[in-house]
Each structure stands twice: as structure tokens, then as C-alpha cells.
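See structure below.
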Amino acid sequence: HLNDLENIPLFLLVGLFYVATNPEPSQALLHFRIFTFSRIMHTLSYQIPIRQPARALTFVAGVGATVSMAVHVLRTLH
């Protein structure tokens, strides 16, 4: 639960800026789907005893989607 509270608000903030840059809709949808799927799988990996590195991989996928959107936002600033 605490991991979600650390990652989801940041994603929402970055996602808001990302959408404001008017990205390609298919790219935006891909980012949002990857993040959502990774967070659901990350939560399930806590609920169901899934061996590592499943939880770590789902975490990295979510962070990767957020970082990718942040890079896009920063590139469109100038």
C-alpha cells in the first residue's frame, strides 16, 4: 500500500504534464496501460506469494513508464 502511495501520485502529476504536451494518443495510451498493468501486478505480487523478481520487474515497468513520460515533457519544454 505504501509503495502505491509513493508511485501513483507522482504518475498522476507527470501524467497531467504529459497530457498537456499533446502527445500522440497511441503513445499516451501505451504509457497509461503499462503503468496501470504494472501497478496491478505489483499489488498482486504482494497478495499472492509470487517469487522475486516478479515484484521488482513490475515496479521497474511502472517507473519506466513514468520516467518515459517525464522525459517527453522535459523535451517539449524548449
Side-chain angles (χ1 to χ4, degrees):
H1 178 69
L2 291 176
N3 191 276
D4 284 340
L5 292 176
E6 294 169 354
N7 288 284
I8 293 173
L10 178 62
F11 173 79
L12 293 175
L13 182 63
V14 171
L16 179 66
F17 288 120
Y18 180 70
V19 169
T21 66
N22 198 23
E24 181 70 33
S26 62
Q27 290 294 315
L29 187 60
L30 181 64
H31 281 99
F32 298 150
R33 284 180 175 171
I34 288 172
F35 182 82
T36 302
F37 181 75
S38 72
R39 294 313 305 171
I40 290 169
M41 294 308 295
H42 188 267
T43 301
L44 287 176
S45 71
Y46 272 105
Q47 302 299 319
I48 303 168
I50 299 174
R51 300 175 69 190
Q52 283 287 24
R55 191 173 70 230
L57 292 174
T58 59
F59 173 77
V60 169
V63 169
T66 304
V67 168
S68 176
M69 290 189 313
V71 167
H72 177 82
V73 169
L74 292 174
R75 285 186 176 170
T76 59
L77 285 178
H78 47 27

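Under the side chain to side chain contact (heavy atoms under 4.5 Å, CB included) criterion, Gln47 pairs with no residue, sequence neighbours left out. Partners of Val67 by side chain to side chain contact (heavy atoms under 4.5 Å, CB included), not counting sequence neighbours, listed by chain and number: Val63, Val71. Scanning for side chain to side chain contact (heavy atoms under 4.5 Å, CB included) contacts around Leu57 gives Pro53, with sequence neighbours left out.
Evaluation of the salt bridge (Lys or Arg N to Asp or Glu O under 4.0 Å) test over residues 63-78, restricted to residues two or more places apart or in two chains, returns none. Identified under the salt bridge (Lys or Arg N to Asp or Glu O under 4.0 Å) test for residues 34-51, with sequence neighbours left out: Asp4-Arg39.
Side-chain heavy atoms closer than 4.5 Å link hydrophobic residues (I, L, V, M, F, W, Y) into clusters, and following such links, even through other members, never connects Phe59 to Ile34.
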Could you give the side-chain donor-acceptor pairs of residues 7-23 under 3.5 Å, partners two or more places apart or in another chain?
unit_1 : atom_1 : unit_2 : atom_2 : d
Asn7   : ND2    : Asn3   : O      : 2.8
Asn7   : ND2    : Asn3   : OD1    : 2.9
Tyr18  : OH     : His31  : ND1    : 3.3
Thr21  : OG1    : Tyr18  : O      : 2.5
Thr21  : OG1    : His72  : NE2    : 3.2

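Between Gly62 and Ser38, the closest heavy-atom pair is CA-OG, 3.2 Å.
Between the OG atom of Ser68 and the CD atom of Gln27 there is a distance of 7.5 Å, given to the nearest 0.5 Å.
The shortest side-chain heavy-atom distance between Leu44 and Met41 falls under the 4.5 Å cut-off.
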